[in-house]
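Atoms within each ligand, like the ligands themselves, are counted from 1 in listed order.
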Amino acid sequence: MSMVTICIRFRSGEEHVIEVQVGSNLLLEAVQRSIPIPFRCTRGNCGKCLVRITEGLEQTSGITTAEVQKMDPGQIEQGYRLACQTDVFGNVKVDIESS
Ligand code: FES
């Protein structure tokens, strides 16, 4: 199984670089490594896990119906995703702006 790199940056400057299997879920992988992305439902309902993909958005799974309901079109255009609804298929960079 090939691996991809996820770089997760917090507003504080804290940064985590992790290697995951292709197709892994962004929120799940972060939580398993105790990286504190805020979350609650894990199902696209609460909107808590909002993140911004700053590089590699095209290497992520498509926007889900839940995301369309939780985000406005402007956010979607700017690369925001719900981490629990996002699987990664290539290297990505992620900003956490909510904490
Ligand atoms: S954890 Fe609730 S929307 Fe992702």
Side-chain angles (χ1 to χ4, degrees):
M1 196 75 159
S2 44
M3 308 292 284
V4 298
T5 302
I6 305 175
C7 178
I8 301 172
R9 286 182 308 191
F10 288 82
R11 260 209 307 231
S12 63
E14 179 185 340
E15 189 172 287
H16 300 265
V17 179
I18 62 176
E19 286 233 313
V20 308
Q21 290 189 345
V22 172
S24 298
N25 179 262
L26 175 55
L27 180 65
L28 191 66
E29 295 296 329
V31 168
Q32 280 174 348
R33 291 166 175 80
S34 303
I35 297 169
I37 296 182
F39 74 100
R40 194 179 299 148
C41 71
T42 74
R43 290 178 195 166
N45 294 326
C46 73
K48 271 235 148 210
C49 64
L50 187 70
V51 301
R52 187 176 185 184
I53 311 291
T54 59
E55 275 181 44
L57 182 64
E58 70 285 355
Q59 323 218 57
T60 59
S61 52
I63 298 272
T64 66
T65 307
E67 288 178 291
V68 172
Q69 285 166 355
K70 276 288 156 195
M71 297 189 291
D72 61 52
Q75 286 178 309
I76 293 173
E77 223 167 80
Q78 290 168 55
Y80 284 90
R81 297 296 305 266
L82 296 177
C84 70
Q85 300 293 297
T86 305
D87 297 335
V88 294
F89 295 92
N91 298 343
V92 294
K93 288 193 175 171
V94 183
D95 277 1
I96 314 297
E97 298 177 349
S98 52
S99 56

For this session: Given side-chain hydrogen bond (donor to acceptor under 3.5 Å, both in side chains), test Y80 with E97 step by step and report yes or no.
Result: CA-CA 10 Å; Y80 284 90; E97 298 177 349; 2.6 Å; yes
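Near N45, meaning under 4.0 Å from one of its heavy atoms, ligand 1 places the atoms 3 (S). Annotation for ligand 1: atoms under 4.0 Å from non-hydrogen atoms of T42 are 1 (S), 2 (Fe). Those atoms of ligand 1 with a heavy atom of G47 less than 4.0 angstrom away are 2 (Fe), 3 (S). Taking a cut-off of under 4.0 Å to the non-hydrogen atoms of C49, the atoms of ligand 1 that pass are 1 (S), 3 (S), 4 (Fe). Near C46, with a cut-off below 4.0 Å to any heavy atom, the atoms of ligand 1 are 1 (S), 2 (Fe), 3 (S). Near R40, meaning under 4.0 Å from one of its heavy atoms, ligand 1 places the atoms 1 (S). Within ligand 1, the atoms closer than 4.0 Å to a non-hydrogen atom of G44 are 3 (S), numbered from 1 in the order shown.
None of the N, O or S atoms belonging to C84 lies under 2.8 Å away from atom 2 (Fe) of ligand 1. Under 2.8 Å from atom 2 (Fe) of ligand 1 lies an N/O/S atom of C41, whether from backbone or side chain.
Minimum heavy-atom separation, G90 to V4: CA-CG1, 3.6 Å. The two residues L82 and A66 come nearest to each other via the heavy atoms CD1-O, 4.5 Å. When all heavy atoms of A83 and V51 are compared, the pair lying nearest together is CB-CG1, 4.1 Å. Scanning all heavy atoms of the two residues, the minimum distance from A30 to I37 falls at CB-CD1, 3.6 Å.
Side chains of T60 and R81 form a contact here, defined as non-hydrogen atoms less than 4.5 Å apart.
Rounded to the nearest 0.5 angstrom, D87 CG and L28 CG are separated by 9.5 Å.
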